[in-house]
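Worksheet for the structure shown next.
Quick caveat, the model's predicted, so the values are computed rather than measured.
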Amino acid sequence: MKKIVLTVVAVLLISVGLSTSMRMADAAGGDPVISGTGRVGETLTITSYGSLGGAPSDFTYTWLWEGEEVPGPKDYDVTHTVTTADLGRELSVLVKPKRIDGDRLASNRIRATDAALAAPAVAVTGSPRVGGTLSATISGGTPGAALAIQWLRDGAAIPGATGTAYRVVKADGGRAVSVRATSSQPGKASVSRDADVRRVAAFNVSRPRLKGAPRVGRTLKVRSRGAWLAPGHAYSYQWMRNGSKISRATKTSYKLTAKDRRKRITVVVRVRKSGFPTVSAGSARSAKIH
């Protein structure tokens with residue numbers, strides 16, 4: 001009877017000793033470390049053996065669910081590829097030295113999650129001018145995912161513009177138009193991708209107008225540079241004589257000279273902005289200069 005009691009006590013002491021040894025190793029921060037996203041289809045790897053030391057071939061491995069071997073993923077490799085069976089569980093690995101007296105240490109835990117949706121590829125073709133049509137071409141992404149399309153003006157959603165084709169309207173003049181494709185699927189985070197922007201040329205709503213008497217020695221002025229849809233654009237002026245540029249006549253007024261006699265004068269207003277097409281509009285011709 002005494003032998004049985006002594007044996008039980010010895011087993012308990014050994015068990016407590018092993019448990020104490022593992023706790024001391026944990027407290028010393030010597031546990032193995034695994035890394036990875038935890039997404040289905042991706043691989044978890046050991047990035048540190050902690051206090052164990054040695055080469056990968058010096059150990060055996062048991063991957064765990066919630067810190068337990070049973071039930072578990074039944075994977076005994078040095079790495080673990082996350083499967084759908086792992087979903088929602090915390091994965092870790094128990095590293096066992098092959099030598100008899102080695103400590104068994106469990107790694108940190110990483111929760112298994114569903115694979116992320118793949119972002120679709122999106123491209124825009126067509127004429128980026130008011131009245132022109134832009135078309136979106138969508139490819140790739142996750143098969144079976146729902147796809148939503150949204151056209152954007154300067155990064156903001158254009159109400160009602162959710163088809164693959166978009167007709168450029170006056171409000172787009174001088175602005176950047178793009179399209180966003182969004183993939184979604186129940187239980188997964190949606191993912192979006194924007195196409196490169198297409199910069200729409202500024203739009204002239206009404207032509208420039210002149211004022212002044214059409215006589216040599218008098219001055220013609222720009223009464224109005226016209227109405228434009230050209231946010232952030234710079235304006236410049238060029239006076240013309242019978243359709244040809246007048247040298248150094250680039251201000252908002254022009255004094256008529258003898259060279260202008262019996263000619264007709266106009267002014268051309270140009271709008272410019274970096275990255276956008278340069279657009280111009282001319283006034284109506286003046287009466288013949290006397």
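Tracing side-chain contacts under 4.5 Å through hydrophobic residues (I, L, V, M, F, W, Y), one never reaches Val197 starting from Val169; they form parts of separate clusters. Leu229 and Val271 are not part of a single hydrophobic cluster, where members link through side-chain heavy atoms under 4.5 Å apart. The hydrophobic clustering, which links ILVMFWY residues whose side-chain heavy atoms are closer than 4.5 Å, places Val78 and Ile34 together. Hydrophobic cluster membership is shared by Val124 and Val200, with clusters built from Ile, Leu, Val, Met, Phe, Trp and Tyr side chains linked at under 4.5 angstrom. Follow the hydrophobic side-chain contacts under 4.5 Å out from Ile149 and you never reach Leu152; the two are in separate clusters.
Using the six-membered ring where Trp is involved, Trp228 and Tyr235 have ring planes that are perpendicular, over 60° apart on the 30 and 60° scheme.
Lys255 contributes no side-chain N or O that, together with a main-chain N or O of Leu220, makes up a donor-acceptor pair within less than 3.5 Å. Within the 3.5 Å criterion, the main-chain N or O of Asn108 finds no donor-acceptor partner in the side chain of Asp31. Counting only distance, with no hydrogens or angles, the side chain of Ser253 and the backbone of Lys221 share no donor-acceptor pair below 3.5 Å. Distance alone, capped at 3.5 Å, is enough to place a donor-acceptor pair between the Arg207 side chain and the Gly282 backbone. Not a single donor-acceptor pair under 3.5 Å links the side chain of Arg193 to the backbone N or O of Thr182. Looking only at distances, no side-chain donor or acceptor of Glu90 sits under 3.5 Å from a matching main-chain atom of Ile110. Side-chain atoms of Arg198 come within 3.5 Å of backbone N or O of Gly126 as a donor-acceptor pair. A donor-acceptor pair under 3.5 Å is absent between the side-chain atoms of Ser48 and the main chain of Val33, judged by distance alone. With hydrogens and angles disregarded, no donor-acceptor distance shorter than 3.5 Å links the side chain of Ser183 to the backbone of Ala119.
The two residues Val82 and Gly38 come nearest to each other via the heavy atoms CG1-O, 3.6 Å. Heavy-atom minimum distance, Leu44 versus Gly36: CD2-CA, 3.8 Å. When all heavy atoms of Asp172 and Arg153 are compared, the pair lying nearest together is OD1-NE, 2.5 Å. What you find for Ser236 and Arg272 is that their closest heavy atoms are OG-NH1, 2.9 Å. Closest approach of Met240 and Val268 over heavy atoms only: CG-CG2, 3.8 Å. Smallest separation of non-hydrogen atoms from Val269 and Pro208: CG2-CG, 3.5 Å.
Among residues two or more places apart in sequence or in another chain, the ring pair (Phe, Tyr, Trp, His ring centres under 6.0 Å) test is passed with Phe276 by His233.
Rounding to the nearest 0.5 Å places CZ of Arg218 at 15.0 Å from OH of Tyr254. To the nearest 0.5 Å, the span separating OG on Ser92 from CZ on Arg111 amounts to 12.0 Å. We find the OG-CZ distance between Ser178 and Arg199 to be 10.5 Å, quoted to the nearest 0.5 Å. Here the straight-line distance linking atom CG of Leu256 with atom NZ of Lys263 works out to 12.0 Å at 0.5 Å rounding. Atoms CZ and CD, on Arg180 and Gln150 in that order, are 8.0 Å from each other to the nearest 0.5 Å. For the atom pair Thr219 OG1 and Lys251 NZ, the distance stands at 11.5 Å (nearest 0.5 Å).
No hydrogens or angles considered: nothing links the side chains of Ser190 and Ser184 as a donor-acceptor pair under 3.5 Å. Thr37 and Glu42 share a donor-acceptor pair across their side chains, judged by distance under 3.5 Å alone.
A salt bridge does not link Asp58 to Lys98: none of the charged nitrogens lies less than 4.0 Å from a carboxylate oxygen.
Looking at Gln238 and Arg270, their side chains come closer than 4.5 Å, going by heavy atoms from C-beta outward. The side-chain heavy atoms of Val279 and Asn204, taken from C-beta on, include no pair separated by under 4.5 Å. Using a 4.5 Å heavy-atom cutoff, the side chains of Arg264 and Lys288 are in contact. In this structure the side chain of Ile46 reaches within 4.5 angstrom of the side chain of Tyr61, judged on heavy atoms. At least one side-chain heavy atom of Ile265 sits less than 4.5 Å from a side-chain heavy atom of Arg241. Looking at heavy atoms from C-beta onward, Leu147 lies in side-chain contact with Ile138 at the 4.5 angstrom threshold. Side-chain contact between Ser224 and Arg209 is present, with at least one heavy-atom pair separated by less than 4.5 Å. Within the 4.5 Å cutoff, side-chain heavy atoms of Leu210 are placed close to those of Trp239.
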* To do: Could you go through the side chain to side chain contact (heavy atoms under 4.5 Å, CB included) check for Asp260 and Ile246 one step at a time?
  => CA-CA 10 Å; Asp260 301 316; Ile246 302 173; 4.3 Å; yes

Does the ring-ring contact (aromatic ring centres under 6.0 Å, His included) test come out yes or no for Tyr49 and Phe59, once each step is laid out?
-> CA-CA 10 Å; Tyr49 283 88; Phe59 307 97; 5.0 Å; yes

Could you please spell out the steps behind the side chain to side chain contact (heavy atoms under 4.5 Å, CB included) verdict for Ser35 and Thr45? CA-CA 6 Å; Ser35 65; Thr45 59; 3.7 Å; yes

Audit row: Leu105, Ser51, side chain to side chain contact (heavy atoms under 4.5 Å, CB included) steps and yes/no: CA-CA 9 Å; Leu105 294 181; Ser51 62; 3.6 Å; yes

_Run Val168 and Leu134 through side chain to side chain contact (heavy atoms under 4.5 Å, CB included) and show every step you take._
CA-CA 7 Å; Val168 183; Leu134 298 176; 3.9 Å; yes

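The environment of CZ in Arg223 is sparse: at most 12 heavy-atom neighbours from other residues, nucleotides or ligands sit within 6.0 Å.
Judged as a side-chain hydrogen bond (donor to acceptor under 3.5 Å, both in side chains), the pairs with a partner in residues 68-86 (not counting sequence neighbours) are, in order, Thr43-Thr81, Trp65-Asp86, Asp75-His80, His80-Asp86, Thr83-Asp86. Listed by first and then second residue, the ring pair (Phe, Tyr, Trp, His ring centres under 6.0 Å) pairs involving residues 145-173 are Trp151-Tyr166 (not counting sequence neighbours).
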